[in-house]
Structure formats: structure tokens, C-alpha cells
Amino acid sequence: MFYIQLTSCISPQESFGIISLDILHESVDNKLIANEPKYDAIPPNILRRMSKAVRMGVGAALPILQNKLMPDGIIISTVNGGKEDCVKFLKQISDYKEEMLSPLNFVNSMPNSISSQIGLITKNLGYNITHAQQGLAFEYSMIDASNLLFENPRRTYLLGAVDDISSYNYSFETKRGCYKKETISNISLYGSISDGSIAGEAACMFIVSGNQKDAIAKVSALDIFYHDDPSIVSDRLANFISKHLPEGEKIDLLITGENGDNRILKYYESCELKMKEEVSIVRFKHMCGEYQTSSSMGLWLCCQIFDAQYIPIHMLKRAAVTKKKYKNAILYNNYHGVQHSFTLVSMNY
Amino acid sequence: MKRVVITGLGIISSIGNSVSENRSSLREGICGISSLQMFPSKFSDIYPFGEIKISNETLINKLSVSEVGVTRTTLLALHAFIEAIADSNLNKEEISSSETALIGASTVGGMCLTDEMYNDSQSNTLGSSYLDSYDVGATNIYLQKRFSIGGPVNTINTACSSSANAIMYGARLINSGRVRRAIVGGFDSLAKFTINGFNALHILSNESCTPFDENRNGLNLGEGAAFLVLEKEEDVCGNKRIYASLSGYSNTNDSYHTSSLSENGDGPYKAMKEALDIAKLDPSLIDFINTHGTGTENNDVVESRAMIRLFQHVPAFTSTKANTGHTLGAAAAIEALYCILNLAEQEIYPHINFKTPISSTGLYPFQLYKKTALLHIMSNSFGFGGNCSSLIFSKA
């Protein structure tokens, strides 16, 4: 599919600038809020007008677009991007009875406001798109990159995902039963047996290309599907591995989107049962919370694990019986029980 | 590259509830712009709209919708989707196959329920039955469930060029071998949200819009939905009709301003140029262009300049937004469908509401109905955020 050349991430953890993943920041009121940098690279007059999703997206993208790297296009996935401005504009309509409204919130109310701002600030006239399909938006953006690089492997794209917690989308999602009713800490997320997860946010950016040289990792296969039967899901995982893992290679890492939601645990457990004891199983939603494009955080962490050959202890659900190199990983994410994705990620070796 | 062809069409717009009604309205130069009747807005007496005069209740009954929380955007999409899959003779097995993708695009999505959405966004209210419906992906999820679509289901948002990118994404899924067929399109309904947004930008016309006219004074918002069935030519068997092929496409960004185009239309120029490169066509081989042509001061003059830059002789062109209004996320799919009709029927439909050319460019849109030989047609769509897309369709 494609190679990952560079990565960048603004998340609730120490993921931006000096990366220090052993430190685990705690959630407050069932929310893991992003640990935002000062955004020195964004001019202050522009920064002030940006919604949180836009500034996180632009802020995470700019460091890997430095050194005159002009990708051939910008591929963003987001579900909540634009929603903060959207609801501010709804509020204007309601408060001012459709009179004398300011258009700024309206113009920024679409999901494409992140990709277009990155394009505008970096003067990128190339491909520019936003994928917004619920819990699989990032996966469909990976397919987009893959299809474009299939046509021309020499190209380079900025591929990213951004979602934020605004008071508005938090209200929608709370009413839809996405979050726990009782307040818990992310530290005890996986011990919780109630319905729902905790809210989260992050912006993860990747420079991807068809060029293997100097790459961190290769995303070599992706499976997206909809089903509600855990045994069908785990069978599909076994098929996915046997179809796509090169002969002689073994899976050493399963990264799952387990999120403390009692309704969804059975899918993850069913897939874990397919993993031999030589596979380490890690989790990441206690670091970023649950949001629609969170599989991008799993992919970013996978790149970190490959790079450092080290797994922070708080991520580890089950260590492999014998320690060996982390080379091949499966990322399994599940959104609302029925939206599933498997991604095969391999270290560039 | 194998040819991707179009084997099914479905549409609903303010000028007709089917492909044949739309074609007949286009031939006769019908303007579907009228006063707003379906919901109250402060602006219902001030601005006219490309409104579909069918109530949600009628649509719900006609389409046998039994679920709660189905929005008008989804009802319009469903109406066009049913026509498209029937037109392409897709059976249940084909639709539920993992090799069939559904790629839709929308900008308004469930925000047509402007007041309900605002209430649900407040923490101190109880959730309404529409909680799962606001998201732009909700319409595709409804279609996926109702028709048991087995392959990829994605929603794309690039503002007013959204559905051109849905068409491109579907074509690339076929070209890369991920799927055998893709049902691609766009859908949007009129909403207090967008009416207020465009009003705040001062780009709504209080009369029927007059694209490419020197005295144009803004756009009319419209609503509608259109779907195309894309298949690999070699997979099309039996006596299925092939309407046209999709031969070129491009997506670029103007990188100039969030809500207006650069003076010389760098993004639009690049989109048209790259689409020609992909189609391996010289600009002189384009017989006709369905322009973005919104009727705003900025768009029409910039699009004219970009066409003049690219084409030694600007081909015959029209804007069907004078017929339908600007249907936002549905616009590119609706206009792609019109281009496909141009090719399939070998005819050009008249551009309406035009009097005086823009003085600085002097371009006249094509104002007659004409039967003529057409080989390659371009369709332009541009959107907020600088998103520009061009598609090229060729005779089957």
C-alpha cells in the first residue's frame, strides 16, 4: 500500500516535540484533552481564528512539511472537524433569529476546513481531500493514499487524522451513549465493566509515499468491514493474516483499540484468542480516549514502537513469552461494535 | 488503464424526479428556481430556491421508509439511489457483494435539521430521534443497511466539489482492483443552516441566478441528489446500457482564500489541465463544458479566465445551476449526470437566464438546444477551502 516516511502527533500525551511515552497523563471528567504546543509556526493572527481541530491539524502537520517538503497532496480524515464552528453558527441562527450573522463560523463549519487550511498555509495546490465516514474515515483515507500511490509510486502525500472534543460533539456523543456515566480515570479504563468509553482527541500526521528508502514502516494491507458477530470478526482476522503476511514472517504485535466499553470487549477478546503466545498485545485508548479517527493514533504508536523497539509498560496487555524484535503488527480497531478495520504494518527492514 | 464506464443513473432535483424528467426539463430550458415552501425561514420571501416540491411525508411513504430519524437529505439520496441501481439492473447479490462500493458526498448532511441539531448540541436537553442523523456519513450508513451493501462505504467532504471527489474515489477503487463496481454520488437538502451561511456571505441572489452574465448578482441554493453506477467496461455484460466512460479527473487546491477563488483561477486551471492529462487529451478535443458557474461575482469571472488560459478556443459551455440552483455537495454528481446525458443523447441543453457577457472576458454560454456530435465533455466543480475538481466524460 504505502511507506511511512515521517510522523507527527499532538495528543493528550507527550507525543509532540520531545516524545516521552512512559509518562501517562490522566483524564479529567472522562475526557483526555490534547496536550497542545504553543504553535509557534502558525502566525498569531491566523491562529486566533482557528478552531481547535484546525489548529491541532495544522500544528501537527507543519513540522513534517518543513525543509521545503511539498507533498503532492493532502489527505485528511475527520468527523468532528468543523463541528465547533458549525454549532457556533447554529447558535448564531438561534440567538439572532437569522439576522446579522457573521459568516466566519459558516465558512469553517465543514469537515474540509482542516485540509484546506493546511493547503492554504503551505501553498499546496495539489490533491486536497477530506474523508468523513464515521469510525472508518482514517481507514478510507489510507485507501485513498494507497490508490494514488498505486497510480504513481513516486508521489508523496500528507496523510492525517484529526478529531477534537468540543462541548457540542461531546453532548451529541454523550446522548448517543458513547461515554461512561460514572467518572473514571484513563489509568483504570480497562478495569471498567460498564458501557461506554472516555472521550479523546488527537491529530496524527504522516508523510507517505511509494518509496521504501528511509521509511519508518510499511502499511501493506488493510481490511474494512461491518459486522456484529465476534467469531466472524476473528475468523476474518485469521484470513487477513494468512492472505497478506509474507511467507516466513510472523506477527509479533497486536495493537487493539480496546476502550473500556463493555459492549465492545468481546470483539477484541475474540481476536486476541487468535494470537499465539509469541505475540505481544498492546492497547492505546487510555492514551488518547475514544474518537472516530483514533486508529491513526494506533498507527502512530506502532511507528514509535518499531522505531524504539520498546513498549511502554502501561500499554502492554500481554507480553510475548520470548522477547524478540517487533517487526510485524496488526492494528485492530472497532468503532461502535460494527465498524472494523485490520491494518498490517511492518517495520521497514 | 481499463475504462471505467457508467451503467446506471439516478437523480432528483428541482427540475425533475427522475433522469427522464431532468432531461426533458433541460431540453426545454426549465428554471427550477421558486419560492421556499417546505420549511419556514426568515428568508423564504426574500430569496428564491431550487426546492423540490415534494414533502418529507410524501417521500417517506413513496420510499417505504419505516425507520425514525431519517432526514430529508437521506430521503433525496434514497430516491436517486433506487433509480440508479434499477437503471443499472444491479441485483441483490451484486449490491451486497464485497466488490460493490458506495461512495457518497454531502456538505449539509443531517444539518437540514438546523433547529433540532442545535437543541441536541446543548448538554441540558434530552436527545431527539435524530442523534444518529446529523453526521455527513449518516446517509451512507442508512443506504448501506437498507441495501446490505457489502463493500467500502465512504463519505467525502470537499465542500461544493464533494461529489466530484466521490466519483474519482469510486473510479480509483475500481482501477486499483479493490472493487468491481462503485455506486457514487452526492446529496444535499435545503437547510436554514446553509441559507443563513450564504446570506451572511452576501452571495445569494434575490432573483433566478444568471451565471456568466455581466449583471449576475449571486447564486440560488438548491437541493437534490444524484448517483452514478461505475463499472469496469470489461465486466459489463448482457444488454446493459453503457452511457459514457469516465476518462479523466483531477482534484487540486486553489490555496488562496477559504471562500473565494484566486484572480486567475490557478486551482481551477490546474484541475482542468490535470484532468486532460489523465485523459490524455489535448484541450482542443473537449467539445463541451458543464461549468461550476454559480452566478457569483467571483466564481464566474475566475472560471472564465481559467478556461481562457487553458483553451485556445473556449468550447461551448453552460451552467445548469441556472436550472437547479446550487445543490452544494450534490452539485458535482448532478452535473456529471447531465454531462453523461449530453454524451449519451448527443445533445446540448440551453443555458438559460443569460443576457450580457462579462465585459472583461466576453464569453457567451451556449443558449440553444442542439443535437450534435460530442466525444469528450468536461465538468467543473469548485468549493470553499479552495477545493477544485474537474471530471472528463467520453462517449461510450
Side-chain angles (χ1 to χ4, degrees), chain A residues 73-74 79 82-83 86-87 89-94 97-103 105-113 115-117 119-134 136-137 140 143-144 146-148 150-151 167-172 174-176 224-226, chain B residues 41-43 98 107 111 114-115 117-118 120-123 125-127 131-132 134-137 140-141 144 152-159 162 165 169 172-173 175-176 178 192-201 250-259 266-267 270 383-387:
Chain A
I74 297 166
V79 176
K83 236 168 229 167
C86 169
V87 178
F89 194 67
L90 291 172
K91 182 170 165 44
Q92 282 196 53
I93 295 174
S94 169
K97 309 281 179 250
E98 302 190 69
E99 277 185 69
M100 304 293 284
L101 311 184
S102 147
N105 294 139
F106 174 68
V107 172
N108 294 324
S109 68
M110 296 288 154
N112 77 330
S113 56
S115 59
S116 61
Q117 278 293 325
L120 190 62
I121 288 176
T122 60
K123 295 278 165 223
N124 189 313
L125 270 73
Y127 188 79
N128 191 298
I129 198 163
T130 302
H131 298 273
Q133 188 61 44
Q134 299 189 351
L136 293 166
Y140 285 119
I143 287 183
D144 200 357
S146 167
N147 287 344
L148 290 161
F150 171 80
E151 283 175 15
S167 60
Y168 312 114
N169 66 44
Y170 188 76
S171 292
F172 291 125
T174 301
K175 289 173 193 175
R176 294 173 73 199
I224 297 172
F225 61 101
Y226 302 78
Chain B
S41 163
K42 187 177 150 1
F43 300 106
S98 62
T107 64
M111 279 195 287
T114 305
D115 297 326
M117 183 172 173
Y118 180 63
D120 279 336
S121 74
Q122 305 303 301
S123 58
T125 59
L126 290 170
L131 276 172
D132 291 332
Y134 302 124
D135 183 301
V136 288
N140 275 340
I141 294 287
Q144 179 190 35
V153 176
N154 188 15
T155 302
I156 285 168
N157 181 284
T158 56
S162 296
N165 288 305
Y169 191 89
R172 285 195 163 106
L173 285 176
N175 283 333
S176 66
R178 281 187 180 270
K192 227 154 99 172
F193 184 82
T194 38
I195 294 173
N196 277 278
F198 283 90
N199 174 61
L201 286 162
S250 177
N251 158 326
T252 65
N253 196 279
D254 195 42
S255 294
Y256 172 73
H257 189 271
T258 48
S259 59
D266 294 336
K270 189 166 184 268
F384 284 170
N387 283 117

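Numbers restart at 1 for each chain; the letters A, B, ... are given by sequence-line order, proteins then strands.
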So which of [options] has the largest heavy-atom pair count under 4.5 angstrom toward chain B?
options: A:Lys83, A:Lys97, A:Glu99; value: A:Glu99
options: A:Gly82, A:Pro111, A:Gly119; value: A:Pro111
options: A:Asn169, A:Leu120, A:Ile121; value: A:Leu120

Answer with side chain, backbone, both or neither: which region of [X] has an atom nearer than 4.5 Å to a non-hydrogen atom of chain A?
X: B:Asn140; answer: side chain
X: B:Asp115; answer: neither
X: B:Tyr256; answer: backbone
X: B:Ser98; answer: neither
X: B:Ile195; answer: neither

Check: [Y] main-chain N/O paired with [X] side-chain donor or acceptor under 3.5 Å:
X: A:Tyr140; Y: B:Val153; value: yes
X: B:Lys270; Y: A:Leu125; value: yes
X: B:Ser255; Y: A:Asn124; value: yes

Report which part of [X] has an atom under 4.5 Å of a heavy atom belonging to chain B: side chain, backbone, both, or neither.
X: A:Gln92; answer: neither
X: A:Ser146; answer: side chain
X: A:Ile224; answer: neither
X: A:Tyr226; answer: side chain
X: A:Ser94; answer: side chain
X: A:Phe150; answer: side chain

Roughly how far apart are [X] [atom1] and [Y] [atom2], rounded to 0.5 Å?
X: A:Ser167; Y: B:Gln122; atom1: OG; atom2: CD; answer: 7.5 Å
X: B:Thr158; Y: A:Ile129; atom1: OG1; atom2: CD1; answer: 6.5 Å
X: A:Asn128; Y: B:Asn387; atom1: CG; atom2: CG; answer: 5.0 Å

Using the side-chain contact (heavy atoms from CB on, under 4.5 Å) rule, take B:Asn253 and A:Ile74 through it: C-alpha gap first, then chi angles, then the decisive distance, then the call. CA-CA 9 Å; B:Asn253 196 279; A:Ile74 297 166; over 6 Å; no
Taking atom NZ of A:Lys91 as the centre, report whether more than 12 heavy atoms of other residues, nucleotides or ligands fall under 6.0 Å from it.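 Counting other residues, nucleotides and ligands, NZ of A:Lys91 stays at 12 neighbours or fewer.
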What residue in [options] has the most heavy-atom pairs under 4.5 Å with chain A?
options: B:Phe198, B:Tyr134, B:Tyr169; answer: B:Tyr169
options: B:Asn165, B:Asn199, B:Asp120; answer: B:Asp120
options: B:Ser259, B:Gly386, B:Ser41; answer: B:Ser41
options: B:Asp266, B:Thr155, B:Leu173, B:Thr194; answer: B:Thr155
options: B:Asn157, B:Asp254, B:Leu131, B:Thr252; answer: B:Asn157

Taking all non-hydrogen atoms of both residues, which atom of [X] and which atom of [Y] are closest, and how far apart?
X: B:Phe384; Y: A:Asn112; answer: O-ND2, 3.0 Å
X: B:Gly385; Y: A:Ser116; answer: O-CB, 3.0 Å
X: A:Ser102; Y: B:Ala200; answer: C-CB, 4.3 Å
X: B:Ser176; Y: A:Asn147; answer: OG-OD1, 2.9 Å

Show your working on side-chain contact (heavy atoms from CB on, under 4.5 Å) between B:Ile141 and A:Gln133 and close with a plain yes or no. CA-CA 9 Å; B:Ile141 294 287; A:Gln133 188 61 44; 3.4 Å; yes
Sub-4.5 Å side-chain heavy-atom contact between [X] and [Y]:
X: B:Leu201; Y: A:Phe106; result: yes
X: B:Arg172; Y: A:Ile143; result: no
X: A:His131; Y: B:Ile156; result: yes
X: A:Val79; Y: B:Asp135; result: yes

Determine, step by step, whether B:Ser162 and A:Met110 satisfy the side-chain contact (heavy atoms from CB on, under 4.5 Å) criterion, reporting the C-alpha distance in whole Å, the side-chain angles of both residues, the deciding distance to 0.1 Å, and the verdict. CA-CA 11 Å; B:Ser162 296; A:Met110 296 288 154; over 6 Å; no
Can a donor-acceptor pair be found between the side chains of B:Asn196 and A:Glu98 at a distance below 3.5 Å?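 Short answer, yes.
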Once the angle between the rings of B:Phe193 and A:Phe89 is folded into 0 to 90°, is it parallel (under 30°), tilted (30 to 60°) or perpendicular (over 60°)?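 Aromatic pair B:Phe193/A:Phe89 classed perpendicular.
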